[in-house]
Amino acid sequence: MNDKLNQTVTAIKGIGEETAQILAEMNILTVNDLFEHFPYRYEDYRLRDLADAKHEERVTVEGKVHSEPSLVYYGRKKSRLTIRLLVGRYLIQVIFFNQPYLKNKISINNTITVTGKWDQHRQSITANSIQFGPYSKNKEFEPVYAVKGNLTVKGLRRLINLAFSQFGEDIHETLPVSLLKKYKLMNRRDALRAIHFPFTSEDIKQARRRFVYEEFLYFQIKMQALRKFERENSNGVAQKYDLEKVKQFISSLPFSLTTAQKRVTNEILFDMKSQFRMNRLLQGDVGSGKTAVATIALFASVTAGYQGALMVPTEILAEQHAESITSLLEPFGIRCELLTSAIKGKRRREILQQLQAGEIDILIGTHALIQDEVHFHQLGLVITDEQHRFGVEQRRVLREKGENPDVLFMTATPIPRTLAITAFGEMDVSVINEMPAGRKTIETYWAKHEMLDRILAFMEKELSKGRQAYVICPLIEESDKLDVQNAIDVYNQLEAYFHGRYKVGLMHGRLHSEEKEAVMKAFSVNEIQILVSTTVVEVGVNVPNATVMVIYDAERFGLAQLHQLRGRVGRGSEQSYCILLADPKTEVGKERMRIMTETNDGFVLSEKDLELRGPGDFFGKKQSGIPEFKVADMVHDYRALEAARNDAAKLIQSKEFWELPEYASLRDHLYRSGALSGEKLD
Ligand code: ADP
Ligand code: MG
């Protein structure tokens with residue numbers, strides 16, 4: 001960065017301490033900050049045809065004054081000036097409030113240009129700006145800025161103008177020339193000028209295009225640098241697995257892999273074999289066969305002489321996985337063990353001791369797996385399921401134990417591609433975008449709450465066939481208590497309805513984890529037929545006999561979350577159903593319910609969700625890691641995001657990047673953000 005532009009704003013003649021203080025409140029400290037305080041929208045002064053203008057839209061029109069203006073005073077100091085104006089074929093009224101002095105400046109047959117709000121019903125414009133004479137093209141757009149205190153938009157524009165006249169020449173390029181050329185982007189100085197003082201819509205478009213790309217590139221270069229150094233500095237393990245045995249294992253599976261499963265398996269095996277440490281995200285819809293892929297990877301790791309660990313979010317899920325994975329791997333002489341907090345005393349000591357001695361090949365459990373007392377003999381691969389949060393901290397724990405395993409994160413939350421490469425930009429991403437053949441799609445219906453009787457009758461029919469049902473009550477955000485009460489109410493209602501015929505269980509966040517496990521267990525062995533629950537059940541549990549999912553107040557959930565919940569059914573061979581009880585008030589709400597009934601594709605849903613709710617809401621408040629961009633929009637500018645990502649990945653690997661002056665700005669950025677020293681990112 002150029003030193004001159006890094007001076008505080010008071011370096012600009014005309015900006016004193018007082019103004020500087022207001023600017024500081026807006027986070028504008030340096031001259032460069034002022035240049036980078038971009039307008040959030042533009043006032044459009046282009047001439048409009050009234051035939052296309054919508055009600056209440058802001059328009060600019062040129063017309064001929066049709067009769068002498070009439071001025072009416074009312075109240076104290078209040079006035080209304082009305083002008084009849086002939087605009088093309090339209091005779092409209094133009095109204096100015098509280099500007100009586102205009103009366104003497106306008107006469108019949110004058111041509112004037114006015115801008116204001118169009119009232120289609122009254123055929124009138126409430127004007128707030130006027131040009132005497134015909135429309136002139138010199139100012140089609142006027143930028144509008146966020147301002148604070150007694151600084152007005154106009155005042156801010158003046159300051160930016162001052163900055164340009166004194167420091168315009170000091171604006172230097174921050175993008176590599178090669179990339180400017182590649183995408184035909186405006187240079188920085190022109191782009192700054194165009195974004196603050198545009199003449200045409202094309203100016204704005206081109207300037208914006210440049211800054212969108214710049215923002216993405218600067219972000220991605222950081223992510224890609226992290227990725228590179230994470231891999232190279234970590235001396236991962238090169239797992240020389242036995243390909244023949246892996247093939248044998250794959251052909252021993254009761255099904256053949258889908259094309260997508262084969263592809264991601266190859267991606268994972270490639271990483272495992274390389275000296276780099278794998279840091280990979282495996283995405284795939286519920287039931288797409290991620291666990292099968294994970295099992296292959298674990299198998300491969302064992303053939304290479306390493307141990308593997310699989311971490312899942314709940315104990316019950318750990319038990320389920322341990323059971324199914326053991327049955328697949330045991331015939332190959334591989335020893336799997338389950339480790340949960342329920343395993344205590346002597347048995348626990350045995351497992352820990354055998355693990356350290358290398359007698360256990362694969363350990364399956366909750367995240368307790370990587371705690372202090374657990375020591376592996378030679379850990380090669382860690383796989384985590386639905387643990388977005390397994391991250392920096394846990395990896396540090398492993399590193400400090402001297403383990404440097406390959407890591408694979410699995411998630412069934414379909415993260416839109418754009419978010420995946422942003423939030424997880426430092427990871428590699430594999431996607432299973434295909435379901436095993438012959439799956440029955442879950443039929444999804446949207447019903448109003450008043451139809452509850454029919455829903456209950458439908459549940460009864462399914463239950464009578466020996467099936468089971470989930471009933472989900474939403475989290476009530478403001479109140480944990482209401483939330484539980486809500487679930488209890490629904491439980492009581494269903495209990496009364498099905499009494500004596502079917503057993504209803506209740507699960508909510510106030511239960512202790514042993515109580516939760518007990519309820520889940522009872523449901524999984526069909527001692528309970530109906531499970532009423534808050535969304536705690538959202539994280540994976542596998543009960544193939546459950547075929548009905550009823551979701552109360554479905555409009556309160558995000559699409560991705562609804563889809564996750566829906567994925568709890570449809571796991572067996574029977575047709576499954578998902579019923580959304582919802583009375584959405586808004587169009588967006590209705591649209592979301594419709595989308596749910598129309599598609600079973602998690603990725604389509606997640607893209608829609610992102611579009612409807614925006615990135616901030618997508619992961620919920622807790623999830624961070626998604627940067628805020630000034631100009632760029634991850635959803636609408638995803639092409640630029642992808643381009644920037646690819647460019648950044650290439651740059652980081654190239655020799656030129658580390659040597660040539662044209663990349664100095666980007667390199668500086670890496671040093672300043674700590675990406676190179678491995679410190680925390682800003
Ligand atoms: P996920 O972990 O993605 O939810 P799983 O690996 O648990 O999915 O697979 C879901 C079910 O589908 C399991 O019963 C599994 O045995 C089966 N399955 C996995 N891959 C295939 C395949 N290629 N063809 C048929 N069935 C498969
Ligand atoms: Mg799974």
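Each ligand, and each atom within it, is numbered from 1 in the order the structure gives.
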[X] near ligand 1, heavy-atom distance under 4.0 Å?
| X | value |
| --- | --- |
| D285 | yes |
| G287 | yes |
| S288 | yes |

**Item:** Heteroatom distance test (R571, ligand 1): nitrogen or oxygen, under 3.5 angstrom
**Value:** no
**Asked** Within the structure, does G284 bring an N/O atom to less than 3.5 angstrom of an N/O atom in ligand 1?
**Response**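 Such a contact does not occur with ligand 1.
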**Message:** Does R454, at its CZ atom, have more than 12 non-hydrogen atoms belonging to other residues, nucleotides or ligands within less than 6.0 Å?
**Reply:** no
Using a 4.0 Å cutoff against the non-hydrogen atoms of [X], which atoms of ligand 1 qualify?
| X | value |
| --- | --- |
| T258 | 23 (N) |
| A292 | 6 (O) |
| S256 | 22 (C), 23 (N), 24 (N) |

**Prompt:** Which residue pairs pass the side chain to side chain donor-acceptor pair (under 3.5 Å) test with at least one member in residues 456-465, sequence neighbours excluded?
**Reply:**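 Counting only pairs at least two positions apart or across chains, the side chain to side chain donor-acceptor pair (under 3.5 Å) contacts touching residues 456-465 are E460-R501, E462-K465, E462-T547.
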**Asked** Stepwise, does the ring-ring contact (aromatic ring centres under 6.0 Å, His included) test hold for F523 with Y470?
**Response** CA-CA 10 Å; F523 187 64; Y470 293 95; 4.9 Å; yes
**Request:** For the pair E373 and R348, find out whether any cationic side-chain nitrogen is under 4.0 Å from an anionic carboxylate oxygen.
**Result:** yes
**Asked** Any idea which part of Q261 is under 4.0 Å from ligand 1, heavy-atom wise: side chain, backbone, both or neither?
**Response**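 Just the side chain.
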**Prompt:** Is ligand 1 under 4.0 Å from a heavy atom in the side chain of T291, in the backbone, in both, or in neither?
**Reply:**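 It is both parts that get close, each with some atom under 4.0 Å.
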**Item:** E319: partners by salt bridge (charged side-chain N to carboxylate O under 4.0 Å, His left out), with sequence neighbours left out
**Value:** K521
**Request:** Please lay out, stage by stage, how Y445 and E443 fare under the test side chain to side chain donor-acceptor pair (under 3.5 Å).
**Result:** CA-CA 7 Å; Y445 300 97; E443 288 179 22; 2.5 Å; yes
**Message:** For the residue pair T411 / Q283, report whether a side-chain donor-acceptor contact shorter than 3.5 Å exists.
**Reply:**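 Per modelled atom types, Q283 and T411 side chains form no pair under 3.5 Å.
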**Asked** Just by distance, with hydrogens left out, do H563 and D285 show a side-chain donor and acceptor under 3.5 Å apart?
**Response**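 On atom types as modelled, these side chains qualify, holding a pair under 3.5 Å.
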**Message:** Using heavy-atom distances only, which candidate in G567, G289, A294, P436 approaches atom 25 (C) of ligand 1 most closely?
**Reply:**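 Shortest heavy-atom distance from atom 25 (C) of ligand 1: P436.
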